[in-house]
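Quick note on labels: first sequence line is chain A, next is B, and so on, each numbered from 1.
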Protein chains: 2
Amino acid sequence: MEKLNDTLLYTLDKCFRTYNQFSQRNVRKAGYDITIDQWLILKSVAENPSITQNDISKIVFKDNASITRIIQLLVNAGYLNRAVHALDRRRVNLTLTESGKKITIDVNEIAKQNRAAALKNIDTEQVAQMKTLLQQIISNCHV
Amino acid sequence: MEKLNDTLLYTLDKCFRTYNQFSQRNVRKAGYDITIDQWLILKSVAENPSITQNDISKIVFKDNASITRIIQLLVNAGYLNRAVHALDRRRVNLTLTESGKKITIDVNEIAKQNRAAALKNIDTEQVAQMKTLLQQIISNCHV
DNA sequence: AATCAATAATTGATATATCAACTAATATTT
DNA sequence: AAATATTAGTTGATATATCAATTATTGATT
């Protein structure tokens, strides 16, 4: 049986988790009480004002159910408003509150710094190559 | 604010989750009622017979607490035996049961196929390069 | 218009992640 | 040897992931 940590996907796993923990730590250190996953949802709403929860779930690769619950937390925290959609009563209309807008922008700055730190000493060329490879893996998994 | 899905780490996230779901689906389809994460722990024990739970948590990048709970599930499922270590009574002695050994090997086969499918049309050279890059990111996050 | 199908979101159950607090056992220091 | 520090693991609280079942609403079919 080949060793676990020989495989690319083990390294991928490790990288993903390490980066996540690193980012989360930096957000906390800056005094923001929000998870990266919560911020990603706020950011999705900021970028796409009329987005549905279904669309969000596709953007962030999570289950619908998870989105419902995370949004509930964001509403509780005062970052999001939730209302019934005027034209389709099945849908939920999401809008950022003022503090939601603020934290989205603030954490975005930290996220930018996190990315820069994580990609230090790696040139654009390499990043582009890696993206292509990752896309290839993704499409291989969709067969 | 730059778009979410422009960043490498977004693609990394997507790739990781897509591959995970793909692997898990294939294990289920083959009739095995075990999660990839549970299997990883069985495999760690198989590879390192005298391993501690602390060591497992480092290998699979999870919290000690998570390991305790996953191991509890594996004991309940009859795949693992848990006993007090003879020389250090703080430690837990983990051994695979017969069915634990069997499922570890069976799922390993599926995992091998999953990896092959995920890495289709990607040559060894590229895989090696990507590993190096991922390692670089990991070490950047450890500063 | 009534029936049926599809869609958006929620809820329940269970597994997992993470942090903090804790217990028990062992190792180190004085 | 007693006091203290360290280590291995567990437990509680809360957030999240995933699947399946469900509700409410809208769209399509006849």
Side-chain angles (χ1 to χ4, degrees), chain A residues 13-14 16-25 27-29 32-42 45 50-77 79-80 82-94, chain B residues 13-14 16-25 27-29 32-42 45 50-77 79-80 82-94:
Chain A
D13 185 345
K14 179 168 180 173
F16 172 71
R17 290 184 201 262
T18 305
Y19 177 68
N20 257 4
Q21 286 164 7
F22 169 74
S23 315
Q24 186 65 65
R25 201 164 50 237
V27 170
R28 283 260 167 69
K29 254 192 286 187
Y32 296 99
D33 186 24
I34 190 172
T35 67
I36 299 286
D37 287 322
Q38 290 171 0
W39 168 71
L40 279 172
I41 291 182
L42 292 182
V45 176
S50 64
I51 199 167
T52 65
Q53 293 189 188
N54 271 327
D55 290 339
I56 294 177
S57 74
K58 276 164 208 144
I59 291 179
V60 301
F61 321 115
K62 288 177 204 291
D63 196 72
N64 253 344
S66 300
I67 302 299
T68 293
R69 282 161 182 141
I70 298 176
I71 283 177
Q72 184 57 55
L73 293 171
L74 291 169
V75 170
N76 292 347
Y79 296 140
L80 264 187
R82 178 158 52 176
V84 176
H85 194 278
L87 300 175
D88 184 342
R89 294 170 46 76
R90 289 169 302 184
R91 287 175 53 174
V92 164
N93 211 18
L94 298 170
Chain B
D13 185 343
K14 179 168 183 175
F16 173 70
R17 290 185 200 261
T18 305
Y19 177 68
N20 257 5
Q21 287 164 7
F22 169 75
S23 315
Q24 187 63 65
R25 201 162 53 236
V27 169
R28 284 260 166 69
K29 257 194 285 189
Y32 296 99
D33 186 24
I34 190 173
T35 67
I36 299 285
D37 286 323
Q38 290 171 0
W39 167 70
L40 280 173
I41 290 181
L42 292 182
V45 175
S50 64
I51 199 167
T52 65
Q53 294 188 187
N54 270 326
D55 291 339
I56 293 177
S57 75
K58 275 166 209 143
I59 290 179
V60 301
F61 321 115
K62 287 176 205 293
D63 196 73
N64 254 346
S66 300
I67 302 299
T68 293
R69 281 159 183 143
I70 299 176
I71 282 175
Q72 184 56 55
L73 293 172
L74 291 168
V75 169
N76 292 347
Y79 296 140
L80 265 188
R82 178 158 52 174
V84 176
H85 193 279
L87 300 176
D88 185 341
R89 294 170 46 76
R90 290 170 303 185
R91 287 176 53 174
V92 164
N93 211 18
L94 298 169

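Residue-level contact check: B:Ile67 touches neither bases nor backbone, having no heavy atom under 4.0 Å from any strand. Among the heavy atoms of the strands, none lies under 4.0 Å from B:Arg25. Residue contacts for B:Ser66: at a heavy-atom cut-off of 4.0 Å it reaches a base atom on one of the strands shown. At the heavy-atom level, A:Arg91 lies under 4.0 Å from the strands shown only through sugar-phosphate atoms. Across all strands shown, B:Asp63 has heavy atoms under 4.0 Å from base atoms, whether or not it also approaches the sugar-phosphate.
Proximity of B:Asn54 to the phosphate of D:dA8: a side-chain N or O atom is located under 4.0 Å from OP1 or OP2. The shortest distance between the side-chain N/O atoms of A:Arg89 and the OP1/OP2 oxygens of D:dT25 is below 4.0 Å. At least one side-chain nitrogen or oxygen of A:Thr68 sits closer than 4.0 Å to the OP1 or OP2 atom of C:dT10.
Annotation for B:Asp33: atom CG does not count as buried by contact number, only 12 or fewer foreign heavy atoms lying within 6.0 Å.
Separating the CG atom in A:Leu40 from the CD1 atom in A:Ile56 is a distance of 10.5 Å, to the nearest 0.5 Å. Separating the OG1 atom in B:Thr52 from the CG atom in B:Asn93 is a distance of 11.0 Å, to the nearest 0.5 Å.
Among all heavy-atom pairs drawn from A:Asn64 and A:Gln53, the shortest one is OD1-O, 3.9 Å.
For A:Asp88, taking side-chain heavy atoms from C-beta onward, the closest of the listed nucleotides D:dT25, D:dT16, D:dT10 is D:dT25. Proximity note for B:Arg69 (side chain, C-beta onward) versus D:dG12, C:dT10, D:dA15: the nearest is D:dG12. Taking every side-chain heavy atom of A:Leu73 into account, D:dT16 is the closest of C:dA17, D:dT16, D:dT25. Residue B:Ala65 places its side chain closer to D:dT11 than to any other of D:dT18, C:dA15, D:dT11.
One can place CG of B:Asn20 at 16 Å from C1' of D:dC19, the figure rounded to the nearest angstrom.
Each of A:Gln38 and B:Arg82 lies near DNA chain D, and the nucleotide nearest B:Arg82 is the one positioned closer to the 5' end. Along DNA chain C, the nucleotide closest to A:Gln24 and the one closest to A:Val92 are compared, and the more 5′ of them pairs with A:Val92.
Partner B:Ile67 forms a side-chain contact (heavy atoms from CB on, under 4.5 Å) with one of B:Asp55, B:Ile41, B:Ile59, B:Asp37 and no other, that one being B:Ile41.
Side-chain to base pairing of B:Arg90 with C:dT23: no donor and acceptor N or O lie closer than 3.5 Å to each other.
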